[in-house]
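Whatever order the structure lists them in is the order used to number ligands and atoms, beginning at 1. Nothing fancy with the numbering, it's 1 onward along the sequence. Note that the structure is predicted; figures quoted are calculated from it, not measured.
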Amino acid sequence: MKVVIINGSPRKNGNTSAAVGLVSEELAKAGIDSEVLNIGGMEIRGCMACNYCKTSGTSMCVFTKDLVNAAAQSIAAADGFVLACPTYYAGIPGTMKSFLDRLFYSGGAGFRHKAAMAVVVARRSGGEDVFHQLHNYFHLAQVVVAPSQYWVVGHGLDKGELLQDAEGVQTIRGNAAGLAWVMKLIKSGAENGVNPPEREDRIYTNFVR
Ligand SMILES: Cc1cc2nc3c(=O)[nH]c(=O)nc-3n(C[C@H](O)[C@H](O)[C@H](O)COP(=O)(O)O)c2cc1C
């Protein structure tokens, strides 16, 4: 089984990388491989609402020079995925936000019923806001969110400081163990005829017509 981890920090070997390392280690204990995509330092433009991904029938983003389309295919082929990033002004860092808007708008249908978890790093405040913002993508993609003992926010400023946050480390490790468990439940369900609900044709109302 395999998990794709999106690391939205531009800092090499920073606290988000440390958190991602904890997740990968815990998944490896459960026999699950991780593929890490470090997108935080890349040039990634935002969605321009051209709807090419919908109208072309490709479910691909019109911008092809970055990792968005490749990441969508990797996640669709994996059993689970992880969104990890630091907190910038109590929000998702801009590069990660641009990446996620395009990733989920174009390829999100392929993530339906995958298992997922979010990991956030903050120096002090705003991490919970980012955690909730990341879950907006999960919920609209009908992802199965792995259980956690607490909001998954680890604290640190200098590189690697997160590893001194004992409760943060435990929460990250525990959530990764929960992710492995959910992935195995989904696989076992599929093998035993417990399938997700059929997708109904979507009703869209925008409240003015
Ligand atoms: C532009 C910017 C904005 C930040 N805003 C916040 C913030 O709102 N709250 C906070 O606790 N930390 C904030 N931080 C600190 C980072 O979240 C923190 O240092 C984190 O460990 C960085 O993760 P990294 O090592 O993976 O890059 C900010 C850092 C930067 C560069």
- D158 side chain to E161 backbone, donor-acceptor under 3.5 Å: no

- Query: Considering only protein heavy atoms, which is closest to atom 10 (C) of ligand 1, and at what distance to one decimal place?
  - Reply: S125 O, 3.3 Å

- Kindly indicate whether a cation-pi arrangement holds for R102 with F104, taking the cut-offs as under 6.0 Å to the six-membered ring centre and within 45° of the axis. no

- Item | Element-labelled atoms of ligand 1 that are located less than 4.0 Å from some non-hydrogen atom of R124 | 10 (C), 11 (O)

- Enumerate the atoms of ligand 1 whose separation from the nearest heavy atom of L157 is less than 4.0 angstrom. 19 (O), 21 (O)

- Message: For atom 2 (C) of ligand 1, what's the nearest protein heavy-atom neighbour? Residue, atom name and distance, please.
- Response: Y88 CD1, 3.5 Å

- Message: I'd like to know whether H139 forms a side-chain contact (heavy atoms from CB on, under 4.5 Å) with V145, so could you lay out the CA-CA distance, the side-chain angles of the two residues, the decisive distance to 0.1 Å, and finally the verdict.
- Response: CA-CA 8 Å; H139 294 315; V145 179; 4.3 Å; yes

- What atoms of ligand 1 come within less than 4.0 Å of a heavy atom belonging to V121? 17 (O), 20 (C), 21 (O), 23 (O)

- Do side-chain atoms of D79 reach the backbone of A115 as a donor and acceptor pair under 3.5 angstrom? no

- Item | Nearest-neighbour protein heavy atom for atom 12 (N) of ligand 1, which is reported as residue plus atom name and distance | R123 N, 3.2 Å

- Item | Of the listed options S9, S17, G156, G14, closest to atom 27 (O) of ligand 1 (non-hydrogen atoms) | S9

- Query: Does ligand 1 have an atom that lies less than 4.0 angstrom from a heavy atom of A122?
  - Reply: yes

- Check for a donor-acceptor pair, side chain of N38 on one end and backbone N or O of S9 on the other, with a separation under 3.5 Å. no

- Message: Starting from atom 5 (N) of ligand 1, what is the nearest protein heavy atom, named by residue and atom, and what distance separates them?
- Response: Y89 N, 2.9 Å

- Among N15, T87, V153, closest by any non-hydrogen atom to atom 16 (C) of ligand 1: T87

- Query: Is E25 paired with K29 through a side-chain N to carboxylate O contact shorter than 4.0 Å?
  - Reply: no

- Starting from atom 26 (O) of ligand 1, which protein heavy atom do you reach first, and at what distance in Å? T16 OG1, 2.7 Å

- Query: Of all the non-hydrogen atoms in the protein, which one sits nearest to atom 22 (C) of ligand 1, and at what distance?
  - Reply: P86 CB, 3.7 Å

- Message: So that I know where these two stand, are F81 and F138 an aromatic pair - ring centroids less than 6.0 Å apart?
- Response: yes

- Query: So, is the end of the K97 side chain (NZ or CZ) under 6.0 Å from the ring centre of Y88 and within 45° of the ring's axis?
  - Reply: no

- Query: Can you tell me if S106 and N69 form a side-chain donor-acceptor pair at under 3.5 Å?
  - Reply: no

- A90 N/O to ligand 1 N/O under 3.5 Å: yes

